[in-house]
Amino acid sequence: MSQEKERTLTIREIANAYLDYNGLTISYMSRVTRIPNATLRAWLDGRRNISTANLIKVKQFLKGDFLLDVNTVVNHLLLSQEVAEDENAEANRK
C-alpha cells in the first residue's frame with residue numbers, strides 16, 4: 001500500500017518554473033514588474049525574501065497581467081509605422 005505525500009509548491013518554485021516553461025527571462029520579469037533585477041534574482045535563487053508589494057507584482061505577473069494582447073501589439077506597431085511615415089514625409093519636405 002503506497003501512501004501519497006501531499007506536496008505544496010512555493011511561489012518561488014512556481015515563478016521559476018513559469019519563467020522556464022514560457023521561455024521568459026528574469027530580466028524580462030524584472031522589467032515589466034519593475035522589481036529591481038538584483039532583488040528578483042536573489043529572491044528566485046532563494047537568497048532573500050521580497051516585500052509584500054513585490055510579491056503582489058509577482059502574483060500579477062504569474063496571472064499574465066503584464067502581458068499585452070495581440071490587438072494592443074498590432075495597434076502599437078501600426079502607430080509606430082504611422083509616426084515613422086510622418087517623420088519621413090516631414091524630413092522630405094525640408
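The model shown is predicted, which means the values in this text are computed figures rather than measured ones. The basis for the numbers below is simple: all heavy atoms, side chains too, and nothing from hydrogens, waters or symmetry mates.
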Between [atom1] of [X] and [atom2] of [Y], what distance do you get to the nearest 0.5 Å?
| X | Y | atom1 | atom2 | value |
| --- | --- | --- | --- | --- |
| Asn37 | Tyr28 | CG | OH | 14.5 Å |
| Arg47 | Thr39 | CZ | OG1 | 10.0 Å |
| Asn16 | Glu13 | CG | CD | 8.5 Å |

Next on the checklist: As a quick check of understanding, evaluate side-chain contact (heavy atoms from CB on, under 4.5 Å) for Val32 and Leu67, giving each step before the final call.
Outcome noted: CA-CA 9 Å; Val32 299; Leu67 296 176; over 6 Å; no
In the single-linkage hydrophobic clustering (I, L, V, M, F, W, Y; side-chain heavy atoms under 4.5 Å), do [X] and [Y] co-cluster?
| X | Y | result |
| --- | --- | --- |
| Leu55 | Tyr18 | yes |
| Leu24 | Ile50 | yes |
| Leu62 | Leu9 | yes |
| Leu44 | Tyr21 | no |

Next on the checklist: Between Leu19 and Thr25, is the side-chain contact (heavy atoms from CB on, under 4.5 Å) condition met? List the steps.
Outcome noted: CA-CA 6 Å; Leu19 291 171; Thr25 64; over 6 Å; no
Checklist entry - Using the ring of each side chain (for Trp, its six-membered ring), is Phe61 parallel, tilted or perpendicular to Phe66, with breaks at 30° and 60°? => result tilted
Between [X] and [Y], is any pair of side-chain heavy atoms under 4.5 Å apart?
| X | Y | value |
| --- | --- | --- |
| Ile11 | Val58 | yes |
| Ile26 | Trp43 | no |
| His76 | Leu79 | no |
| Asn49 | Arg12 | yes |

Item to check | Candidate pair Leu40 and Asn54, rule side-chain contact (heavy atoms from CB on, under 4.5 Å), full reasoning | outcome: CA-CA 9 Å; Leu40 192 56; Asn54 284 340; over 6 Å; no
Checklist entry - Can any side-chain N or O of Asn75 pair as donor or acceptor with the backbone N or O of Asn71 at less than 3.5 Å? => result yes
Item to check | Minimum heavy-atom distance between Arg34 and Lys57, given as atom pair plus value | outcome: O-NZ, 3.8 Å
Checklist entry - Taking all non-hydrogen atoms of both residues, which atom of Ser30 and which atom of Pro36 are closest, and how far apart? => result OG-C, 3.6 Å
Checklist entry - Taking it one step at a time, do Ser27 and Arg41 satisfy side chain to side chain donor-acceptor pair (under 3.5 Å)? => result CA-CA 9 Å; Ser27 295; Arg41 284 182 188 281; 3.3 Å; yes
Item to check | Chi angles and distances behind the side-chain contact (heavy atoms from CB on, under 4.5 Å) call for Met29, Ile35 | outcome: CA-CA 8 Å; Met29 184 177 179; Ile35 299 172; 5.5 Å; no
